[in-house]
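Order of the sequence lines fixes the chain letters, A, B, ..., with proteins taken first and strands second; residue numbering starts at 1 for each chain. Excluded from the calculations below are hydrogen atoms, water molecules and symmetry mates; all remaining heavy atoms, backbone and side chain alike, are included.
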2 protein chains.
Amino acid sequence: MDWKNILRSHIERKVDLADEQFDYIASFFKPMSFRKKDKLIRPGEPVHFEYFVLNGCLSTYVINDQQKTHILQFAMRTWWASDYNALYNQGQASLHVDCVSDAEVLCLANEDREKLCRELHSMESFFRWRSNGGYVSLQRRILSLLNNDAQSRYEELMQQYPELYNLVPKHLIAAYLGVSRETLSRFQSH
Amino acid sequence: MDWKNILRSHIERKVDLADEQFDYIASFFKPMSFRKKDKLIRPGEPVHFEYFVLNGCLSTYVINDQQKTHILQFAMRTWWASDYNALYNQGQASLHVDCVSDAEVLCLANEDREKLCRELHSMESFFRWRSNGGYVSLQRRILSLLNNDAQSRYEELMQQYPELYNLVPKHLIAAYLGVSRETLSRFQSH
DNA sequence: CAACGATTGTGATCTAGATCACCTATACTA
DNA sequence: TAGTATAGGTGATCTAGATCACAATCGTTG
């Protein structure tokens with residue numbers, strides 16, 4: 001499936017678009033290819049884009065002063081990723097975004113999203129819907145961190161996204177769950 | 001300050017409104033008063049409204065099978081609260097929302113928000129902005145849970161919202177931070 | 001293919017924070 | 001005003017998970 005179809009059917013999960021409307025929208029998205037470990041956003045640098053994943057997997061994370069990594073999000077096909085705090089507020093990135101595997105993405109500049117939202121009420125509606133969905137799923141993650149032990153968080157994640165098991169190295173899954181790689185490894189054994 | 005002014009200046013943090021526009025918007029908000037411990041949303045029941053806090057403090061939480069409480073959010077003046085998952089998806093509540101103190105709120109029905117968003121592009125834009133802000137602050141909370149120990153989460157919270165110290169009982173602050181009330185109490189001593 | 005880094009597993013030990021038990025003080029409610 | 005929740009504090013013990021140390025395997029790249 002070509003990227004315009006992937007994008008169009010993604011947006012049309014929420015709003016219907018005429019062909020000319022979609023072509024106009026698509027004109028703001030720039031397809032790009034990246035290799036495993038390529039960096040899309042580095043802390044300290046300004047953030048101009050958000051990324052829509054066509055293929056492969058990105059991760060969004062921080063590295064703390066003790067050099068420990070904490071992963072906010074893995075982004076796979078039809079997911080979005082950026083340092084939204086920096087993007088929305090024209091600030092410097094505090095997050096890393098890079099490629100867990102080779103990846104194809106669409107880049108959308110912050111000002112182009114805002115322009116689309118201004119010009120097309122349906123796009124404003126789409127992006128509100130996307131943000132609402134993200135909010136609800138972060139709430140779920142917080143409750144899971146507060147309520148469940150590491151093993152059940154791991155089982156929950158593997159059950160919801162089984163493809164992560166082979167796509168993402170275990171120490172990154174540990175960094176997402178908030179558990180050490182050693183402890184995660186002991187879960188698998190039995 | 002009367003409730004219309006509180007609401008208007010809140011919305012105008014993001015979008016400008018003509019007087020007639022605002023009056024129309026305000027007509028969908030219903031002011032209500034609640035007493036400490038009154039329940040606005042109970043798990044298992046359908047959710048029709050979201051709540052904008054004028055005064056007092058609400059909390060949004062779950063109680064797990066071991067009867068432990070985990071708090072997702074405290075909502076004070078100019079904050080919003082609901083079980084958004086249930087509200088957006090017409091489902092049954094899985095969260096509790098109730099009053100930590102006596103409170104005055106404005107109720108907005110889900111279908112009225114959607115109507116406002118459909119009719120007024122500026123309101124769609126406002127609610128997208130609100131949702132973006134919520135998303136970013138939940139990200140911050142997740143990173144804090146992953147990265148910081150209980151004591152620094154406590155200090156962070158008290159530094160950001162000092163008014164919680166006197167407004168909210170300590171065992172609820174513990175339930176927000178994801179720590180036992182005993183452990184929280186030991187932080188305070190020294 | 002040789003070599004180095006990345007990934008994973010596993011034992012031994014240590015610790016932040018949970019849990020249990022009990023006590024005190026304040027605040028509603030009958 | 002007595003009686004019962006609610007809130008908070010503190011000691012003693014227990015445990016999930018962190019940390020440290022080491023070994024083995026896999027993959028990439030010159």
Problem set entry | Spacing between B/Leu145 atom CG and C/dA16 atom C1', to the nearest angstrom | 15 Å
For this session: Can you tell me the distance, in whole Å, between the CG atom of A/Asp149 and the C1' atom of C/dG17?
Result: 15 Å
Exercise. To the nearest Å, how far apart are A/Gln66 CD and D/dC20 P?
Worked result: 11 Å
Problem set entry | Sub-6.0 Å ring centroid separation between B/Phe52 and B/Phe29 | no
Exercise. Side chains of B/Glu155 and B/Gln151: donor-acceptor distance under 3.5 Å anywhere?
Worked result: yes
Exercise. Around atom NZ of B/Lys39, are there more than 12 heavy atoms of other residues, nucleotides or ligands at under 6.0 Å?
Worked result: yes
Exercise. So, A/Arg77 and A/Glu163, do they make that salt bridge, N to O below 4.0 Å?
Worked result: no
Exercise. Taking all atoms of both residues into account, what is the closest heavy-atom pair of B/Leu146 and A/Arg141, and its distance?
Worked result: CD1-NH2, 3.8 Å
Problem set entry | Value in whole Å for how far the C1' atom of C/dT8 lies from CZ of A/Phe187 | 15 Å
For this session: Please work out which of the three classes, parallel, tilted or perpendicular, describes the rings of B/Trp80 and B/Phe126, given edges at 30° and 60°.
Result: tilted
Exercise. Once each nucleotide of nucleotides 19-30 of chain C is scored for protein heavy atoms under 4.0 Å, what B/S/- sequence comes out, 5' to 3'?
Worked result: BB----------
Problem set entry | Salt bridge present between B/Glu111 and B/Lys115 (N-O < 4.0 angstrom) | no
For this session: Figure out the CG/P separation between A/Leu177 and D/dA18, and round it to whole Å.
Result: 10 Å
Problem set entry | d(CG, B/Leu184; P, C/dG17) in whole Å | 11 Å
For this session: Let me know the distance between NZ of B/Lys37 and C1' of D/dA7, rounded to the nearest Å.
Result: 10 Å
Exercise. For the helix from C/dC1-D/dG30 to C/dA30-D/dT1, what angle lies between the axis at the first five pairs and the axis at the last five pairs, to 10 degrees?
Worked result: 50°
Problem set entry | Donor-acceptor pair between B/Ser122 and B/Ser125 side chains, under 3.5 angstrom | no
Problem set entry | Salt bridge present between B/Lys36 and B/Asp102 (N-O < 4.0 angstrom) | no
Exercise. What pair of heavy atoms forms the shortest contact from A/Leu87 to A/Val47, and how long is it?
Worked result: CD1-O, 3.6 Å
Seminar exercise, completed: Numerically ordered, the residues 154-172 of chain B set in heavy-atom contact under 4.0 Å with DNA chain C is none
Exercise. Will you find, in the side chains of A/Glu156 and A/Ser144, an N or O donor that is under 3.5 Å from an N or O acceptor?
Worked result: yes
For this session: Please report, rounded to the nearest Å, how far the P atom of D/dC20 is from the CD atom of A/Gln67.
Result: 14 Å
